[in-house]
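What follows is a single structure, written as structure tokens, with notes after it.
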Amino acid sequence: MSTIIAPRGTRDILPCESYKWSYVINTAAETMNDFGFNEIFIPLFEHTELFARGVGETSDIVEKEMYTFTDRGGRSITLRPEATAGVMRSALENNLCAQGNFAKLWSYGPMFRYERPQKGRYRQFYQIDAECLGIQGAEADIEIIDLSIELFKRLGLKNLEIVLNSVGCEKCRPVYREKLVNYFKQHESELCETCLNRLDRNPLRILDCKKEQCGKISDNAPDIYDSLCDECKDHFKNLRDGLERLGFTYKINKRLVRGLDYYTKTAFEILSGDLGAQNAVCGGGRYDNLAEAAGGSHLPGVGFACGLDRVIIVMEEQGCNFGEIPAPKIYVVARDDEARANSQIITHKLRANKIAAVNDISGRSFKAQMKAANNCKYICFVNAAGELELKNISDGVQKNLSLDEIIECLKK
RNA sequence: GUGAAUGUAGCGCAAUUGGUUAGAGCUUCGGAUUGUGGUUCCGGCGGUUGAGGGUUCAAGUCCCUUCAUUCACCCCA
């Protein structure tokens, strides 16, 4: 019988790494709080229909990447491939934006997509998510981008690039779409096979094709900015002005077409040069039609998703700080075998006073205990008679103290 | 889903190109020395060479299958 291993594309975040994840999540929680975003917990799975309708039938995610199964009640269920649709569903279901109110929400957790794993890409991967619902104006877009940049700044990430685009709305996108199709039809013979496929289903994505021949054709394709309606033009201008007022530099990329169908107007990505081919650490944009697609009433929104796995890879490569590696404050060393019971009692009492304490519970030698104690700040020696000595490891000072005195000393 | 590379102690690696009982290092455990730890020295544990099949007198090494990892394509966080 072979031993069972983790499924492809999943992995364990082991203790030697998990503290880094806690650090990033804690930093995110602080940042979100400073921006007035409230944490929300939503299910890891939803009705398949939510993603099919919300994310879009023609998106790659829905077409080939979802973990979908039928539950025992015959319902079609899907492990969430992204968070926005679920947050939107929850906001509608719980009337978070009733009576013209808005909601600023954040969340984090695992997402699931059936893809071939590679650097910075897993089948179960983690995202930090922020969504601002109920606000039509570009101030919300600006705040969302500001928030993502501030988060990365606090994490110490360097060499990031903001890439910006507008993909229009339900009024102007069809017009642009038609122009595009007409243009590409003239060059049908030169397009690659996948792009030919996109021509009918999702022509905007041809702009995103990285093949050289398609790229050349796209270079002369109609410009989306010529097709934007006045509202979208204004929105995009307000966004750019706002970002400049905050001192951000960004790049416009007309080729930036988010893979999820629900995006309208603003689309943005934050890229890092320190990843491989999967260089986006954060992606987001505005989705004013998602609520209706999910069967609700009109509710505009803008948000981002930040790839935790990728952020941590970049932070490691850039030598960023992950805070202190957690270690107990004090190690209770049994002087001999007869003192072992006492070491457990003392440890128990220290913990009851909220002092992080450990003792050896594996029968190790005195020397081994001393060695293990080396990553603590203090050592407490115990003998069979229950007498205690406290040693400060950094300066080597050691003195006889009662348990109460030790607790008093460590609480400072 | 496609392509390429890789898979040997817990970890990172070696094994004279097919040849005897698969080796050191780090880690771990024990001992000695050091003031009772972080240095040094000695010793122990640790392996069905990813799995299955084949070729051969002989396979870690060659062939096939399979699983997995890594990187890239596609796409995305």
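Chain A is the first sequence line, chain B the second, and so forth, proteins listed ahead of strands; every chain is numbered from 1.
Geometric assessment of A/Arg123 against the ring of A/Tyr114 yields a positive cation-pi assignment under the 6.0 Å and 45° thresholds. Annotation: cation-pi geometry not satisfied between A/Arg335 and A/Phe366 (NZ/CZ under 6.0 angstrom from ring centroid, within 45° of ring axis).
Remark on RNA chain B: of its neighbouring residues A/Tyr122 and A/Arg8, the 5'-side contact belongs to A/Arg8, judged by nearest-heavy-atom nucleotide. The 5' end of RNA chain B is approached more closely, in terms of each residue's nearest nucleotide, by A/Ala6 than by the other of A/Ala6 and A/Asn279.
A/Ala305 comes within 4.0 angstrom of the backbone, heavy atoms only, and of no base. Residue contacts for A/Ile393: at a heavy-atom cut-off of 4.0 Å it reaches a base atom on one of the strands shown. When heavy atoms are screened at a 4.0 angstrom cut-off, A/Phe381 is found touching base atoms of the nucleic acid. Using a 4.0 Å heavy-atom criterion, one finds that A/Gly363 contacts no nucleic acid atom at all. Backbone-only contact: A/Ala368 has heavy atoms under 4.0 Å from sugar-phosphate atoms and none from a base.
In this structure, A/Tyr378 atom OH and B/G38 atom P are separated by 21 Å, rounded to whole Å. Atom C1' of nucleotide B/G35 and atom CZ of A/Arg335 are separated by 12 Å, given to the nearest angstrom. Here the C1' atom of nucleotide B/U36 and the CD atom of A/Glu389 are 10 Å apart, to the nearest Å. We find that CG of A/Asp12 is positioned 15 Å from P of B/A68, with the value rounded to whole Å. Following rounding to the nearest Å, A/Gln369 (CD) and B/C29 (P) show an atom-to-atom distance of 12 Å. Note: CG (A/Asn392) to C1' (B/U36) measures 15 Å, nearest angstrom. As a whole-Å value, the separation of A/Glu17 CD from B/C11 P is 15 Å. Atoms CE (A/Met370) and C1' (B/U33) sit 16 Å apart, rounded to a whole Å.
Between the P atoms of B/G10 and B/U55, the separation comes to 31 Å (whole Å). Rounded to a whole angstrom, the distance from the C1' atom of B/G3 to that of B/C74 is 12 Å. One C1' atom belongs to B/U16, the other to B/U69, and the distance between them is 30 Å to the nearest Å. On the P atoms, B/C67 is 15 Å away from B/G52, given to the nearest whole Å. Using C1' as the reference atom, B/C71 and B/A9 are 27 Å apart when rounded to the nearest Å. On the P atoms, B/A24 is 38 Å away from B/U66, given to the nearest whole Å. Comparing B/C13 with B/G50, their P atoms sit 14 Å apart, to the nearest whole Å. The gap from the C1' atom of B/G47 to that of B/G1 amounts to 37 Å, rounded to the nearest Å.
Here A/Thr10 contributes atom OG1 and A/Phe112 contributes atom CZ; the two are 10.0 Å apart, rounded to the nearest 0.5 Å. Atom-to-atom distance recorded for A/Glu82:CD and A/Phe51:CZ is 6.5 Å, nearest 0.5 angstrom. The line from CD1 of A/Ile407 to CG of A/Leu401 is 11.5 Å long, rounded to the nearest 0.5 Å. The CG atom of A/Leu271 lies 8.5 Å from the CG atom of A/Asn253; values are rounded to the nearest 0.5 Å.
Two rings, from A/Phe236 and A/Tyr225, have their centers less than 6.0 Å apart.
Remark: A/Ser365 is not in phosphate contact with B/C29, judged by side-chain N or O atoms under 4.0 Å from OP1 or OP2.
Residue side chain A/Arg121 reaches the base of B/C74 through a donor-acceptor N/O pair under 3.5 Å, judged by distance alone.
Distances from the side chain of A/Lys371 to the nucleotides B/A77, B/U28, B/U34 place B/U28 closest. Comparing B/G37, B/C74, B/U36 against the side chain of A/Gln398 picks out B/U36 as the nearest. Nearest nucleotide to the A/Asn374 side chain, out of B/G38, B/A77, B/G30: B/G38.
Glycosidic conformation of B/U27: anti, with the torsion beyond 90° of 0.
Taking the six-membered ring for Trp and thresholds of 30 and 60 degrees, A/Trp106 and A/Tyr108 have nearly parallel ring planes, at less than 30 degrees apart.
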note = For RNA chain B, the dot-bracket notation using Watson-Crick and G-U wobble pairs below 3.5 Å, [ ] for pseudoknot-type crossings and | for other-strand pairs, is (((((((..((.(.....[...).)).(((((.......))))).....(((((..]....))))))))))))....
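The pair A/Asp241-A/Arg245 does not count as a salt bridge, with every side-chain nitrogen at least 4.0 angstrom from each carboxylate oxygen. Look at A/Glu46 and A/Arg80 and you find no salt bridge, because none of the NZ, NE, NH1 or NH2 atoms lies under 4.0 Å from a carboxylate O.
Contacts of residues 110-120 of chain A with RNA chain B (heavy atom under 4.0 Å): A/Arg113, A/Glu115, A/Arg116, A/Gln118, A/Lys119, A/Gly120.
The main-chain N or O of A/Cys169 is never found under 3.5 Å from a side-chain atom of A/Asp288 such that the two would form a donor-acceptor pair.
Side-chain atoms of A/Leu390 and A/Ile379, non-hydrogen and from C-beta on, never get closer than 4.5 Å to each other.
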